[in-house]
Amino acid sequence: MPELPEVETVVRDLRPQLKGRRITSVQVSGLSLRKPWSPGWQDELVGKKMLTVERRGKWIIVRLDTGQHFVLHLGMSGQLTVVNAGEPLQNHVHLILGLNGGKRQLRFRDIRRFGTATLFTDADELECFFTSSKLGPEPFELDADYWKQRLHQADRSLKAILLDQRVVAGVGNIYADESLFQARLQPARLGRDVDDTEANSLRRAVVTVLHRAIERRGSSIRNYIGGRGQRGDYQHEFRVYGRTGEPCPRCRAPIERIRLAGRSTHSCPDCQPPLRIRRRGS
DNA sequence: ATAGGCGCCTGCTGGC
DNA sequence: TGCCAGCAGGCGCCTA
């Protein structure tokens with residue numbers, strides 16, 4: 001579920017609530033997330049103070065005063081909120097951190113349990129983790145030449161490239177489709193077949209779409225909520241995602257849905273033609 | 001190197 | 001009404 005804009009929203013919501021707070025208790029549901037809990041790490045959190053809350057791709061990173069890094073991924077249905085301890089406990093809450101004497105709680109709710117939570121001993125170990133998973137650059141810091149090169153050397157669809165966290169971190173199914181529409185590029189086009197102008201246009205489209213989605217606090221289709229429990233609003237601005245059969249906002253042609261890179265993919269058959277339109281003769 | 005399939009989970013929707 | 005297939009903001013593993 002959550003892609004970069006949703007994770008960014010959660011991080012911005014949580015930061016003022018967690019920064020400088022001490023973890024006074026830890027409770028777990030007993031059900032493991034995507035990876036089984038490693039024994040004992042929950043207890044290790046107790047007594048630690050949280051210094052910073054940052055985002056990298058779709059990862060949430062909480063730095064502790066011991067130099068340890070508590071790292072979370074929301075998977076498809078993860079929700080991370082800070083609430084008063086008296087708030088009724090929802091189902092599917094798998095981790096509760098008591099804050100400042102237990103008046104407040106950080107709760108990790110994850111219906112499908114595809115999320116993860118890991119404690120890294122220090123910054124180096126975290127860096128190793130990102131390096132070994134080859135996590136790519138943030139979309140807002142994409143170097144134009146790097147991007148062109150990654151596209152041109154890839155013998156696969158633009159959709160698959162956008163979804164590959166090693167090429168660029170944070171883009172998921174919604175924002176891949178919306179970015180390709182914005183750039184007027186067919187999702188099935190191969191990376192090696194786009195020219196420099198198209199590559200640049202896609203790079204800028206990703207940035208524009210993600211910025212706007214962050215402004216709207218992300219997209220809430222079913223489960224997503226921010227760190228204060230509110231839904232996002234960007235789903236009202238989808239131009240192709242989930243709009244199969246509806247008229248294209250630019251040209252009124254019905255939006256098509258195909259399966260690409262194993263995911264539902266939405267595009268306009270006219271605005272995003274399979275081949276470049278030849279202009280003016282030749 | 002790439003695609004495709006599956007598995008990990010729960011919940012919702014639509015068709016019969 | 002119930003049942004069942006198919007679908008869902010992710011990702012890692014396997015095979016061809």
Side-chain angles (χ1 to χ4, degrees), chain A residues 1-11 29-37 55-60 71-80 90-94 108-118 129-130 132-136 139 149-180 187-193 206 209-210 212-214 216-226 231-238 240-245 257-266:
Chain A
M1 135 258 206
E3 306 181 32
L4 187 149
E6 291 75 33
V7 178
E8 179 65 23
T9 303
V10 168
V11 163
S29 68
L31 293 175
S32 66
L33 298 181
R34 192 158 193 284
K35 300 205 165 140
W37 303 113
R55 179 193 58 75
R56 175 81 173 85
K58 299 174 194 173
W59 297 90
I60 297 166
V71 175
L72 302 121
H73 194 290
L74 301 180
M76 286 281 263
S77 54
Q79 303 173 342
L80 207 49
Q90 318 95 304
N91 53 2
H92 304 297
V93 173
H94 295 109
F108 189 7
R109 178 169 190 252
D110 188 355
I111 296 169
R112 296 178 67 181
R113 288 193 278 133
F114 291 168
T116 60
T118 319
F129 170 71
F130 286 142
S132 64
S133 60
K134 296 188 167 73
L135 186 65
Q149 192 211 331
R150 291 305 297 256
L151 289 190
H152 290 163
Q153 76 188 22
D155 197 14
R156 55 178 172 156
S157 67
L158 294 175
K159 174 73 181 248
I161 296 169
L162 284 172
L163 290 178
D164 188 343
Q165 303 298 297
R166 296 169 302 183
V167 177
V168 57
V171 179
N173 206 33
I174 292 178
Y175 300 107
D177 284 6
E178 292 296 321
S179 300
L180 286 161
R189 286 270 303 277
L190 299 182
R192 56 145 57 143
D193 290 341
V206 169
V209 165
L210 292 178
R212 177 63 183 160
I214 291 171
R216 307 295 288 143
R217 297 181 48 84
S219 307
S220 290
I221 301 171
R222 25 184 95 68
N223 299 314
Y224 171 72
I225 53 172
R231 289 165 58 84
D233 287 316
Y234 191 72
Q235 67 277 11
H236 304 304
E237 298 187 22
F238 288 169
V240 288
Y241 184 85
R243 304 194 60 224
T244 313
R257 187 177 88 124
I258 60 166
R259 198 106 191 140
L260 199 55
R263 314 295 299 277
S264 256
T265 300
H266 313 75

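Computed from a predicted model, the values in this text were never measured in an experiment.
- Residue contacts shown for Ile111(A) are limited to sugar-phosphate atoms, with no base heavy atom under 4.0 Å away.
- Ser32(A) and Arg113(A) form no side-chain donor-acceptor contact under 3.5 Å, judged by distance and modelled atom types alone.
- Where Arg222(A) and Leu190(A) meet DNA chain B, the nucleotide closest to each residue was compared, and Leu190(A) sits on the side nearer the 5' end.
- One interatomic measurement links the two molecules: NZ of Lys134(A) to P of dA1(B), which rounds to 9 Å at whole-angstrom precision.
- Using a 4.0 Å heavy-atom distance criterion, Arg259(A) is classed as a sugar-phosphate-only contact.
- Salt bridge annotation for Arg150(A)-Asp164(A): absent, with no cationic side-chain nitrogen under 4.0 angstrom from a carboxylate oxygen.
- Inter-residue side-chain proximity for Arg217(A) and Asp233(A) is flagged as unmet; no heavy-atom pair is nearer than 4.5 Å.
- What separates CZ of Phe129(A) from C1' of dG12(C) is a distance of 11 Å, to the nearest Å.
- Contact annotation for Ser220(A): base contact, defined as any heavy-atom pair under 4.0 Å involving a base atom.
- Here His73(A) does not reach the OP1 or OP2 of dG10(C): none of its side-chain N or O atoms lies under 4.0 Å away.
- The side chain of His92(A) places an N or O atom within less than 4.0 Å of a non-bridging phosphate oxygen (OP1 or OP2) of dG11(B).
- Taking every side-chain heavy atom of Arg34(A) into account, dG10(C) is the closest of dG10(C), dC7(C), dC9(B).
- No contact: Arg192(A) has no heavy atom under 4.0 Å from any strand.
- If you check dA3(B), dT2(B), dC8(B) against the side chain of Ala154(A), the one that comes closest is dT2(B).
- Between dA3(B), dC11(C), dC9(B), one nucleotide has an atom nearer to the side chain of Arg113(A) than all others, and that is dC9(B).
- Remark on DNA chain B: of its neighbouring residues Asn91(A) and Ser157(A), the 5'-side contact belongs to Ser157(A), judged by nearest-heavy-atom nucleotide.
- When the side-chain nitrogen and oxygen atoms of Ser77(A) are compared with OP1 and OP2 of dA8(C), none of them lie within a distance under 4.0 Å.
- The environment of CZ in Arg231(A) is crowded: more than 12 heavy-atom neighbours from other residues, nucleotides or ligands sit within 6.0 Å.
- Within the nucleic acid shown, Gly262(A) has no heavy atom closer than 4.0 Å to any nucleic acid atom.
- Counting to the nearest Å, the P atom of dT13(B) and the CG atom of Asn223(A) are 12 Å from each other.
- At whole-Å resolution of the value, CG in Leu33(A) and C1' in dG12(C) are 16 Å apart.
- Distance from the side chain of Arg156(A) is smallest for dA3(B) among the nucleotides dA3(B), dC9(B), dG7(B).
- Nucleic acid contact for Tyr241(A): sugar-phosphate only, since backbone atoms but no base atoms lie under 4.0 Å from a heavy atom of the residue.
- Taking atom C1' in both dT10(B) and dT1(C), the straight-line distance is 23 Å, to the nearest Å.
- To the nearest whole angstrom, the two P atoms, one in dG4(B) and one in dC7(C), are 15 Å apart.
- Asp177(A) and His266(A) form a side-chain donor-acceptor contact under 3.5 Å, judged by distance and modelled atom types alone.
- Atoms CD1 (Ile221(A)) and P (dC12(B)) sit 15 Å apart, rounded to a whole Å.
- Across dC3(C) and dC9(B), the matching P atoms stand 24 Å from one another, rounded to whole Å.
- Taking atom CD1 of Ile258(A) as the reference point, atom C1' of dG4(B) lies 15 Å away to the nearest angstrom.
- A donor-acceptor contact closer than 3.5 angstrom links the side chains of Glu6(A) and Tyr175(A).
- Pair check for dC12(B) finds dG6(C); Watson-Crick or G-U wobble, both atom distances under 3.5 Å.
- Residue Lys58(A) places at least one side-chain N or O under 4.0 Å from the OP1 or OP2 atom of dC11(C).
- Using cut-offs of 30° and 60° on the angle between ring planes, the pair Phe238(A) and Tyr241(A) is perpendicular.
- Aromatic stacking of Phe114(A) on dC8(B): satisfied, with centres closer than 5.5 Å and planes within an angle under 30 degrees.
- Listed nucleotides: dA3(B), dC11(C), dA8(C). Nearest to the side chain of Gln165(A): dC11(C).
- The distance from atom CG of Leu163(A) to atom P of dG12(C) is 13 Å, rounded to the nearest whole Å.
- Rounded to whole Å, atom P of dA1(B) lies 14 Å from atom CD1 of Ile161(A).
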